[in-house]
Amino acid sequence: MRVRPLPKNFYLPTAAEIAPELLGAIVKTRIRGLTTTGRIVEVEAYIQGDEACHANRGKTRRNASMFGPPGHAYVYRIHQSFCLNLVTGKKGIGEAVLIRAIEPLKGVRIMQRRRKGAKGRLLTGGPGRVCQALGLNLSHDGLPLSGPVLTVLTGSAPGEIETSGRIGISKNVTAFLRFFDPTSAYLSR
DNA sequence: GTATCGATGATCT
DNA sequence: GATCATCGATACC
């Protein structure tokens, strides 16, 4: 099966619906001529009316991308790390899916260099590690997910999917909005 | 204006 | 398990 970009309307449903569908998809970056790809194995949905969602208190400069059209990136900073989200739902809703872990596919050398030699789950297991391995930072906030720099491609769905509460948040911790491939060796925990 | 707090990760013990 | 780096967004005065 040929790998191709996800259709534009793929991102139209709610984040909770799309999140499990993204497991197995391929995220690809081409930055300064360096191409890296990975298979998505862990995501979290941040949805309307969700206290843990950055968009919950309205549009600000930081979260503006969440209120833009779906199919674009929302990249934000947390301490000295960056996190990559895929904006979903109808424009203006403010929902997104956080990419928490990928399995490295292409450009492993490049990712290891960016990650200072890290291996295994320390290479790409965790949202900040994903961004560092893929070379993403705040300058990539708002980019389309079907562009030359950042692309999300079709892949193969995992054999099984597990859900759990989300990680690292203090509000709405009981909502089962984390989705992951339990067989992956690259989960964030 | 100042204070507080992270959707984290690295480095300890 | 505990601590902390480090900085932008947000809350508060």
Contacts under 3.5 angstrom, residues 67-80 of chain A side chains, donor-acceptor by atom type, not counting sequence neighbours:
| from | atom 1 | to | atom 2 | distance (Å) |
| --- | --- | --- | --- | --- |
| A:H72 | ND1 | A:G142 | O | 3.1 |
| A:Y74 | OH | A:H54 | ND1 | 2.9 |
| A:R77 | NE | A:H79 | O | 2.8 |

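Side-chain atoms of A:T151 and A:S146 form no donor-acceptor pair, as typed in the model, at a separation below 3.5 Å. Side-chain polar atoms of A:S188 and A:E42 form a donor-acceptor pair below 3.5 angstrom. Side chain to side chain, A:E103 and A:S184 meet the donor-acceptor criterion of an N or O pair below 3.5 Å.
Atom pair A:H54:NE2 and B:dC5:C1' shows a separation of 11 Å (rounding to whole Å applied). Atoms CZ (A:R57) and P (B:dC5) sit 14 Å apart, rounded to a whole Å. Taking atom NE2 on A:H79 and atom C1' on B:dA10, their separation rounds to 13 Å, with Å as the unit. The interatomic distance linking A:E42 (CD) with B:dA7 (P) rounds to 16 Å, in whole Å. Between the CG atom of A:L84 and the P atom of B:dT8 there is a distance of 14 Å, given to the nearest Å. Here the P atom of nucleotide B:dA7 and the CE atom of A:M66 are 12 Å apart, to the nearest Å. For the pair A:Q80 CD and B:dG6 C1', the interatomic distance rounds to 12 Å; values are reported in whole Å. To the nearest angstrom, P of B:dA7 lies 14 Å from CZ of A:R189.
Taking for each of A:N63 and A:I78 the nucleotide of DNA chain C with the nearest heavy atom, the 5'-most of the two is the partner of A:I78. Nearer to the 5' terminus of DNA chain B, by closest-nucleotide assignment, is the contact made by A:S170 (compared with the other of A:V130 and A:S170).
Paired regions of DNA chain C, where each region holds three or more successive Watson-Crick or G-U pairs whose two hydrogen-bonding distances fall under 3.5 Å, are B:1-6 with C:7-12, B:8-12 with C:1-5.
Here A:I93 sits alone; no ILVMFWY side chain lies under 4.5 Å from its own, so it joins no hydrophobic cluster. Members clustered with A:L34: A:I110, by chain and number, using a 4.5 Å side-chain heavy-atom cutoff among hydrophobic residues.
Using a 4.0 Å cutoff to heavy atoms of chain A, the contacted part of DNA chain C runs 5' to 3' from C:dA5 to C:dA11.
Residue A:L187 is not grouped with residue A:L23 when hydrophobic side chains (ILVMFWY) are merged at heavy-atom distances under 4.5 angstrom, including chains of intermediate members.
Phosphate proximity of B:dA7 to A:R77: absent, as no side-chain N or O sits under 4.0 Å from OP1 or OP2. Here A:R115 reaches the OP1 or OP2 of B:dA10: one of its side-chain N or O atoms lies under 4.0 Å away. Within the structure, every side-chain polar atom (N or O) of A:R178 is placed at least 4.0 Å from both OP1 and OP2 of B:dA7.
Identified under the salt bridge (charged side-chain N to carboxylate O under 4.0 Å, His left out) test for residues 145-173 of chain A, with sequence neighbours left out: A:D50-A:R166.
Comparing B:dA7, B:dG9, B:dG6 by their nearest atom to the side chain of A:L98 picks out B:dA7.
Around atom CZ of A:R30, no more than 12 heavy atoms belonging to other residues, nucleotides or ligands sit under 6.0 Å away.
Residue ring and base: A:Y46 counts as stacked with B:dA7 (centre distance below 5.5 Å, interplanar angle below 30°).
At the heavy-atom level, A:Y76 lies under 4.0 Å from base atoms of the strands shown. Using a 4.0 Å heavy-atom cutoff across all strands shown, A:R166 reaches no nucleic acid atom at all.
The shortest non-hydrogen separation linking A:I167 to A:E44 is N-OE2, 2.8 Å.
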